[in-house]
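Let me begin by presenting the structure, written as structure tokens, before commenting on it.
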Amino acid sequence: MTKQITIVDYGLGNILSAQQSFIKVIKDNNIDANITISNNPEIIKKSSHVVLPGQGAFETCIKGLSNIPGMIDELYKFAVLKKNPFLGICVGMQLLALDSEENGKHKGLGWIEGHIKKLPTQNLKMPHMGWNTVKLKNNLNSHIQPKETDYYFVHSYYFKCLNEKNILAETVYGINFTSIVVKENIYGVQFHPEKSSLQGLEIIRQFAEL
Amino acid sequence: MLKTRIIPCLDVKDGRVVKGINFVDLVDAGDPVQQARYYSENGADEICFLDITASIEKRNTILSVVKKTAEEVFIPLTVGGGITSVENIRNLLKAGADKVSINTAAINNPNIVKKSAEHFGSQCIVVAVDVKKIGNQWLVHSHGGTVNREIEALSWLEKLQNLGAGEILLTSMDRDGTKSGFDLEILSKANKVLSIPIIASGGAGTKDHFFEGVSIGGASALLAASVFHFNEISIKEVKNFLLTKKINVRV
């Protein structure tokens, strides 16, 4: 059956990059799929895969999402109740947490237990920007097996996982932080796979083939 | 470990590359997409387009270049040159640029940095600062280094950081095109006042220059044009050299 991959558009971020990367991946790998950009919860309902991108501040992103009537409910049904493949990218990954301390305290979707915290500076440049190594952890049961190599990051906050088993990969920048979270069908990547060359496209391929 | 980034810069005029790769048989060497793809397959960590289109009627040509590049090149793309408004920035980001680099507009109206960082996030706002050493201080210049704005560089950099710039592209106009090495003095001074990453630019001519830009200048990224375009040194050679010097790069 043709896959229906939907990238959630809530008015933020460079959605085009994510869209282009999926188009490239399904074309190069002959994956039978349609890529749709949408802000319509009805489209989420009909999707087989959902991608949640995100850029900028946590608060702006969660507000952007809650401003679309019915969107959060539909995403919850899609990912948590029906357990369909779901991928959060960058702030889209951080939204999966319980809350964030970026510019005050803001509630997240709360699907994966953890808090979004500021990376400690320790004389390091902020944001954490550029290519950094992703090391796998607890990956035995994961359906996505990223290559252990460098991916492109841009962020100043990180996902502090409360549950060790939700950590699929870690990266070091001052501290060892979670760079990929996983909970069954729900994946979140702190870096930008759509900007991380072949290894990034490979993650997108594995996700699209779920 | 976070890697030091190597960024080739391509000059684009009326939608065509005018300063770019000059040594491989690209089917169409004037095609920005082919040049960007070549670099992305040969070790570049990001690509930078500098739009030098002069005529106002042709200013939109860069948007279709960015769009086509975003369809085929999957590493970060920065676009600079001729940006005068938040609307310009929005259009470039919508076309697929990951970051924009603002120069003269930031000097004329610093508020554009603040506004665009708030709108789009600091991560996509690079401010390009062109400096010349005059007496014992560095002064900010605009219009490709031709107009002295009488602004002291270090205080300007701090101001840009406070306004929300995500990164600084620091070019020494004294060194640009000379192949005599980056201006390490201003780089290390800038590095002390800034907590945001600095991209060093202007003067790269040898592998040692790249090494010094990081080890002495403290740069997070190194940008160069002609040394790469004429294959005097390849990005891979620079990276292999940096590795022998214990600088972390992506290979």
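All values reported here derive from a predicted model rather than from experimental measurement. Residue numbers begin at 1 in each chain, while the letters A, B, ... track the order of the sequences.
- Ranked by heavy-atom pairs under 4.5 Å with chain B, the list A:T171, A:V172, A:T133 is led by A:T133.
- Atom NZ of B:K189 is surrounded by 12 or fewer heavy atoms from other residues, nucleotides or ligands within 6.0 Å.
- Only the side chain of A:L201 comes within contact range of chain B, judged by heavy atoms closer than 4.5 Å.
- A salt bridge is absent between A:K135 and A:E170: the closest approach of a Lys/Arg side-chain nitrogen to an acidic carboxylate oxygen does not fall below 4.0 angstrom.
- Only the side chain of A:H128 comes within less than 4.5 Å of a heavy atom in chain B; its backbone stays farther off.
- In terms of heavy-atom pairs under 4.5 angstrom with chain A, the leader among B:S195, B:A221, B:S220 is B:S195.
- B:N248 does not touch chain A: none of its heavy atoms, backbone or side chain, sits under 4.5 Å away.
- Between chain A and the residues B:P197, B:G166, B:S122, B:G121, the most heavy-atom pairs under 4.5 angstrom are made by B:P197.
- With a 4.5 Å cut-off on non-hydrogen atoms, A:S21 touches chain B through its backbone and its side chain both.
- Looking only at atom types and distance, the side chain of A:E194 has no donor-acceptor partner in the side chain of A:Q19 under 3.5 Å away.
- We find that A:R205 and A:E209 are joined by a salt bridge, their nearest charged nitrogen and carboxylate oxygen being less than 4.0 Å apart.
- Residue contact with chain A, scored on non-hydrogen atoms closer than 4.5 Å, involves the backbone and the side chain of B:R250 alike.
- Using cut-offs of 30° and 60° for the angle between ring planes, the B:Y39 and B:H229 rings count as tilted.
- Looking at B:E118, there are no atoms closer than 4.5 Å to chain A (heavy atoms on both sides), in backbone or side chain.
- Figure legend: A:K195 and A:Y152 shown without cation-pi pairing, the cationic atom not lying both under 6.0 angstrom from the six-membered ring centre and within 45 degrees of its axis.
- The minimum heavy-atom distance linking A:K105 with A:D99 is given by the pair CE-OD2, 3.5 Å.
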